[in-house]
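Following: one structure in C-alpha cells, then a few remarks.
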Amino acid sequence: MKKIKLTIEGMHCASCASNIERALGKIKGIKSVSVSVMTKKAIIEAEDSVNIEEIKKAVSNIGYKIINIQ
Amino acid sequence: MNHNHSESKGFEDKEISDWKVKLIGAWLFTIPLAIFMYSEKLGLFMIDEKIMTLVLLIAAFPVIFIFGFGTIKSGIKGFTSFYFNMDSLIALGTIIAYLTGILSFFIAIQDYSGISSMIMAFFITGKFIETKARGRASQEIRKLLELGAKKARVLRNNKEIEIDITELKVGDVFIVRPGEKIPTDGIIIKGESSIDESMVTGESIPADKKPKDNVIGATINQDGILYVKTTKIGSDTFLSHIIELIEDAQNTKVPIQKLADKITSIFVPSILVLTALTFAGWLFFSQDISKSFGIAVAVLVIACPCALGLATPTALMVGSGIGARKGILIRKGEAIQTMKEIKIIVFDKTGTITKGKPELKKIYSKNEKHFLELLASMEKNSEHPISKAIIEKVVLKKYLVVKNFKIIRGKGLEGEINKKKIIIGHTGLMKEKNIKFNEFKNKIKEFQEQGLTTAMLAENKKVIGIFGVADELKEDSIKAINYLNKSGYKTIMITGDNEVTANVVAKKVGITQVIAHVLPEDKANKIKELQKYGMVCFVGDGINDAPALKQANVGIAMGSGSDIAIESGDIVLANGSLRGVVASINLSKATFSKIKQNLFWAFAYNVIMIPLAVAGVIHPVLAEIAMAASSITVVTNANLLRNKKI
C-alpha cells in the first residue's frame, strides 16, 4: 500500500471534486480517494502496483491537470 | 514540501486574478450590449431585428467563447467524457441561448444571444466572488504558510553570516536576537529567553526557555540572545507538520455531507434530463418554441450543485482555521459531528490534568542512606518521569552497579545490586511478587492521602523504604473541568495510580468518578466499557494513549509545544491546556451547526428554485444571478463562523 498526494489544477466546483474521486476510484488497485475542493489536493491510498501514469491519464481524460505529486 | 505549499497558495491567487480578467472582459462587452438591447426594447430607438441580432451575436461572442472559454471547454469535456460538472450546465445553457440568435435568421424564434452574454458575465462574476470568498475561508492556513522565516543567521567558522532558510542544515547553529523570528526548529545550546509561541500553539503566555529546551520555528524570541542548534528543517518542522495536518483534514469527510455528495455526483446529469423533459413538455403544451428555449436555459443555469458541494468543505476549512489559531488542530472532519453526541469525557491523569512532571516530595525509611543509594542507582537506568523526578532530587557521588535491569511496564523496575534482588513498584507489584509491606501500610496510606503517588523499594523481598511523588495540576485544569461539569458532561479520570492518590487529585480538580489502577494497555478497554453508556471523548497524551484515543468516539490528543504526537487523536491540541478541550467542543459544535445551516440553504435553494424555473416563472438572467448568489451565500456564511466566540 502506498499513499499518494496530488495537487490538481482546474477544479473550480464541488462537482469537479466528485468527478475526480469517481474517475480515480475506477482505477484498479486504488483503495480510497478523497479530493478536497478547498485545498485542490487528492489523497489516494493505493496498492503498490498502481501506476502513476494511469492516475495522470485518468485525471487528464476528464479535463484536469496534476501539477504536483508526492 | 514548503515548496508545494507556496505553490498551492500561488495558484489560488492566480485563480482569483484569472477570474478578474475574465470578469472585466466579459462586462466590457456585456454592459454596452445590455444597454443597447434594453434601450431598443424600451423603444428608445428602432432598429432592424436582423441587424440587432447580428450586433448581439458579435458582442456576445467574445464573452462566451473568449472570456468564457475555460468554462465552455471544461463543460464540453463533461459531455465527451460523461463526467459532467457545473460548467456543463453553464456551457450548454449559454450555447443554446447563443444559437437561438443564429437560428433566428432562419426560423421565427426569439433571440436569446444577448441573454447568453449576460448569463456568462454573471456566472463569471459569481465565480470571481466565490473564489475570493473561498480564499478567505483558508486565510488562517495562508497565514501559517507565510509564517515561516526566510533567512537564518548562522555561525560558520566562528563568523555570523546570514543565509537563506533553504540552505540551513540540521546541526547548524543559528543565532536569534530579541524580537527576531526563530528560523526553524532547534534546541537551545546557549542563552535564555522567553518565547512567544502563540502563532503556532495558540498559547498566549510566552514560554521561558533555557539551554537544552526545544524551540519551534516561526515563533518569536522576546528577550535574550539565543544560540540554537538546528534539529529539523523544511517539511520536518513542527510548523510544516501542523500545516500538513490541517490540509489533510480537508480531505476527510464529515458524515452529514454524504447525502450532499451523493446528490452532487448525480446532480448535473439529472438536471440535463430534467431540462430536456422541461423543454419537451413546454414545447408540447405551449407550442411556443421561443418560450420553451428560454425556460430550458433558465433550468440549466439555475441548478446549483456548487452550493451543495461547498456547504461542508468551506465550513470545515473555516473551522479548522479558527482552531489552528487557538492551537486546536482538527484532524478528522468526523469529530466535528460526533462531538455533539458526546456524553462522557474521560481524562487521563498524568500529563493531561496534571503537568506530567512529577516531583519527589517525601521519602520514608529506617535506613535512609542505604535506601536512597539503591533507589537512585536503580532509577538512573529508566527514562520514566517518576525516575527522572527521583534522580533529579537524589544525586549520588557514585552509583551502584545494577545488573539484570528490567522495566516492568506500568508497574515498576527490577534489577540486582550487589547480588541482591531489588524491586521498585507500587503495592500491586509487591503483592504480585509476594512481598510483604505490613510495617509500611500506615505510612503508605498517609502519603497517598496527601495525593502522592507512592511506591516502595524491596531488597531481597524485604521492603526497606517508600517514596511519594506528586504531579501538580495544570493551571487551567480546574476551570476547564468545572465548565464541562456544568455543561452537563460526565467527567471521569483514568489513571494507573492507586485509588487513594487518584481520588485526591480528582477531588482537587472537580472530578467525581475515578478509574484507578489501569495499566496503559487497558485504557482502551475501559473506554470500550464506558461506551455502553454513551459516546465517549478521551483526552490524553498522544504517545502512550494512542489505543484509547482510537477507541474513543472522539480522541483529543494533548501536546505541549513541539512534543505533540500528531499521528493520533481526531483532534490535537498544540498547547497542553485543558482549555483547549472546552474550545474544541465549542468549535466543533459551532462548525457543525454552520455545516447544517449551509446544507439546509443549499438544499432549500435547489428544491425551491429548480421547480420555479421549470414552471417558467424565472427569467434566465435572474436564474443565473440566483445561482451565483446561492454559492456565494454558502461560502460567505461559512466565513461568518469567525464571528462566533469559541
Side-chain angles (χ1 to χ4, degrees), chain A, chain B residues 1 3-4 7-8 11-12 14-15 19 70-71 73-78 80-89 127 130-131 134 137-138 141 235 244 246-253 260-268 304-314 316-318 320 631:
Chain A
M1 285 293 262
K2 57 183 174 181
K3 203 171 158 187
I4 309 165
K5 235 192 251 187
L6 311 170
T7 310
I8 297 170
E9 198 180 53
M11 248 193 284
H12 37 250
C13 78
S15 50
C16 300
S18 86
N19 277 344
I20 297 172
E21 277 181 6
R22 211 149 47 92
L24 289 177
K26 281 186 186 158
I27 297 176
K28 211 173 149 245
I30 288 191
K31 290 274 171 253
S32 77
V33 199
S34 80
V35 180
S36 163
V37 66
M38 297 303 288
T39 58
K40 319 275 186 218
K41 284 198 171 125
I43 298 182
I44 301 169
E45 265 181 353
E47 275 165 20
D48 295 323
S49 59
V50 172
N51 189 342
I52 198 79
E53 291 307 318
E54 217 177 333
I55 292 175
K56 272 189 189 167
K57 222 178 109 196
V59 172
S60 71
N61 272 347
I62 57 169
Y64 309 97
K65 206 174 125 200
I66 294 174
I67 55 171
N68 193 292
I69 300 170
Q70 251 176 282
Chain B
M1 184 161 54
H3 177 66
N4 293 345
E7 198 168 46
S8 68
F11 79 75
E12 197 164 70
K14 192 176 160 279
E15 205 184 332
W19 283 117
T71 306
K73 190 178 140 203
S74 138
I76 290 174
K77 190 94 195 176
T80 56
S81 65
F82 280 96
Y83 280 88
F84 300 105
N85 58 34
M86 173 84 215
D87 293 338
S88 307
L89 297 176
K127 275 289 158 193
E130 181 201 307
T131 310
R134 262 195 285 151
S138 42
I141 293 188
S235 61
E244 199 187 1
I246 301 171
E247 283 193 340
D248 286 359
Q250 309 310 318
N251 284 60
T252 65
K253 303 271 186 221
D261 275 356
K262 232 183 212 133
I263 294 176
T264 310
S265 67
I266 56 160
F267 192 89
V268 179
C304 186
C306 264
L308 273 176
L310 288 174
T312 309
T314 46
L316 179 61
M317 181 59 122
V318 177
S320 302
S631 42

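FYI, side chains are in, hydrogens and waters are out, and symmetry mates aren't considered; it's all heavy atoms of this structure. Each chain gets a letter, A, B and so on, in the order the sequences are listed, and its residues count up from 1. Because the structure is predicted, anything quoted here is derived from the model rather than measured.
Salt bridge status for A:Lys5 with B:Glu244: present, with a side-chain N to carboxylate O gap under 4.0 Å.
Heavy-atom pairs under 4.5 Å with chain B peak, among A:Ser36, A:Ala42, A:Gly63, A:Ala17, at A:Ser36. When each of B:Thr264, B:Leu308, B:Leu316, B:Thr71 is scored by its heavy-atom pairs under 4.5 Å with chain A, the top score falls to B:Thr264. Ranking B:Ile141, B:Asn85, B:Asn251 against chain A, the residue ahead of the rest is B:Asn251, based on heavy-atom pairs under 4.5 Å.
Among all heavy-atom pairs drawn from A:Asn19 and B:Phe84, the shortest one is ND2-O, 2.7 Å. The nearest pair of heavy atoms linking B:Pro305 to A:Ser15 is CG-OG, 4.4 Å.
Considering only heavy atoms from C-beta on, B:Met317 comes within 4.5 Å of A:Thr39 through its side chain. Looking at A:Asn61 and B:Ser81, their side chains never come closer than 4.5 Å, going by heavy atoms from C-beta outward. Annotation: side chain of B:Lys77 is not in contact with side chain of A:Ile62 (no heavy-atom distance under 4.5 Å).
Distance OG/A:Ser18 to CD1/B:Ile266: 10.5 Å, rounded to 0.5 Å.
Both the backbone and the side chain of B:Tyr83 come within less than 4.5 Å of a heavy atom of chain A. For B:Lys253, the part lying under 4.5 angstrom from a heavy atom of chain A is the side chain only. For B:Ser631, no part lies near chain A; criterion is any non-hydrogen pair under 4.5 Å. Contact annotation for B:Asp248: both backbone and side-chain heavy atoms come within less than 4.5 Å of a heavy atom of chain A. Of the atoms belonging to A:Ala23, heavy atoms from both backbone and side chain fall under 4.5 Å from chain B. Residue contact with chain B, scored on non-hydrogen atoms closer than 4.5 Å, involves the backbone of A:Val35 exclusively. Looking at B:Ser138, neither its backbone nor its side chain comes within 4.5 Å of chain A, counting heavy atoms on both sides.
More than 12 heavy atoms of other shown residues, nucleotides or ligands fall within 6.0 angstrom of atom NZ in A:Lys2.
Evaluated for a side chain to side chain contact (heavy atoms under 4.5 Å, CB included) with B:Glu15, the options A:Glu9, A:Met11, A:Lys40 yield exactly one hit, A:Lys40.
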